[in-house]
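Values in this document were obtained by computation on a predicted structure and should not be read as measured data. What's counted below: heavy atoms across the whole structure, side chains too, no hydrogens, waters or symmetry copies. Every chain is numbered from 1, with letters handed out A, B, ... down the list of sequences.
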Number of protein chains: 2
Amino acid sequence: MIQKLTEHDREKLQESLATSGQKVTAQREIVFAVLLAKRDHPTVEDVFQRARESMPGLSLATVYNCLETFVGCGLVRQVNHERESTRYCPNLAPHAHFRDEATGHVHDIELPPEIIQSLRSILPPGFNSETIEISFRGRSQETTARSTSN
Amino acid sequence: MIQKLTEHDREKLQESLATSGQKVTAQREIVFAVLLAKRDHPTVEDVFQRARESMPGLSLATVYNCLETFVGCGLVRQVNHERESTRYCPNLAPHAHFRDEATGHVHDIELPPEIIQSLRSILPPGFNSETIEISFRGRSQETTARSTSN
DNA sequence: TTGCAAATTGGAATCATTCCAACTCATTCG
DNA sequence: CGAATGAGTTGGAATGATTCCAATTTGCAA
Ligand SMILES: [Mn+2]
Ligand SMILES: [Mn+2]
Ligand SMILES: [Zn+2]
Ligand SMILES: [Zn+2]
């Protein structure tokens, strides 16, 4: 069962939707809450399963709709790796993605601004890019990185 | 009609295939020639159309098979942008891709080694990446960049 | 020749995503 | 209050790229 949105997050949702003339609905609240609850870059199907625990009548089409709406108003990013299902990420800070081939897990990799700058600088004159996407593929020592483990 | 492979390119094809125990076939030669002839990152369907001009009986399944084989033995790279059809690129030098949203064209962007290095360096310890993919999205002033234009 | 394994082929199956027409629901208007 | 309106939701059908499969065909080797 998904935690309700905090007041702060609900406001962010409300305001982002408002700027593109859209409203908060029960479905959108839950889908957004699902994304914030577990930032593991879930697929649409993942989101659907998790959201249904709180709202059994929710439809897959609506999950697609909500996610598209969120992407449209800049609340979440789409993450694509090769030909796999699209995943969704509510981390708005500039970051790259690392896809672990062994587990399928996708991790956020912080992107220092100077790297973004140097990347922009390799574009020949006349090329104006709105978006840069960087994705790594490989293996990671899936250490669950709790400070005190074992 | 597609130009035949140069002796040099045919050898590259032959050797790359050989290292994974596979043979040169008429279909593979043509598909490879199509990729080399126009380096515009064609889709499977593009390749299919172009190759059929030289070999009318060629099947779409075979184009998929050939391209998969080439990717497997490192002769070409797959290029994915968002959810669009996969494109194929025979440029083996390290490079990024720029997708022009206005035209749909995909351009190669040279990647200086020091950028690749700095990108690798942002990975936290324990993350080993075999592949880095960088793609830009935006507009370009589609100047056909002939030295003497007009 | 004959036999074999690899490659090719056409068509069916898959599956993520998109489309659509009917339905629901909140809000506005009389 | 009701009815009208419009956004949002829903289930199911349609789409389209890719994969799968079983039946040939091919190129070599015995
Ligand atoms: Mn993980
Ligand atoms: Mn171009
Ligand atoms: Zn992310
Ligand atoms: Zn390329």
Chemist: Could you pick out which residue, B/Asn65 or B/Glu84, lies toward the 5' side of DNA chain D when each is mapped onto its nearest nucleotide?
Modeler: B/Glu84
Chemist: Between the side chain of A/His97 and the main-chain N/O of A/Asp108, is any donor-acceptor distance below 3.5 Å?
Modeler: no
Chemist: Is there a donor-acceptor contact under 3.5 Å linking the side chains of A/His95 and A/Arg77?
Modeler: yes
Chemist: Taking CD from B/Glu29 and P from D/dG27, how many angstroms apart are they, rounded to a whole number?
Modeler: 12 Å
Chemist: Give a yes/no on whether any side-chain N or O of B/Thr86 is located under 4.0 angstrom from OP1 or OP2 of D/dT18.
Modeler: yes
Chemist: Measure the OG-CD distance between A/Ser140 and A/Glu101 for me, rounded to the nearest 0.5 Å.
Modeler: 11.0 Å
Chemist: If you compare every side-chain N and O of B/Gln27 against the phosphate oxygens of D/dT26 (OP1, OP2), does one of them come in below 4.0 Å?
Modeler: no
Chemist: Measure from the side-chain heavy atoms of B/Arg83 and tell me the nearest of C/dA7, D/dT9, C/dA16.
Modeler: C/dA16
Chemist: If you check every side-chain atom of A/Thr62, which of C/dT17, D/dT18, D/dT10 has the closest atom?
Modeler: D/dT10
Chemist: Which of these nucleotides, D/dT10, C/dT18, C/dG10, is closest to any side-chain atom of B/Ser59?
Modeler: C/dG10
Chemist: Quick check for you: among C/dA6, D/dG8, C/dT8, whose closest atom lies nearest to any side-chain atom of B/Lys23?
Modeler: C/dA6
Chemist: Under the criterion side chain to side chain donor-acceptor pair (under 3.5 Å), which of B/His41, B/Glu84, B/His81, B/Glu82 is the partner of B/Arg99?
Modeler: B/Glu84
Chemist: With nearest nucleotide decided by heavy atoms, which residue, B/Gln22 or A/Ala61, maps closer to the 5′ end of DNA chain C?
Modeler: B/Gln22
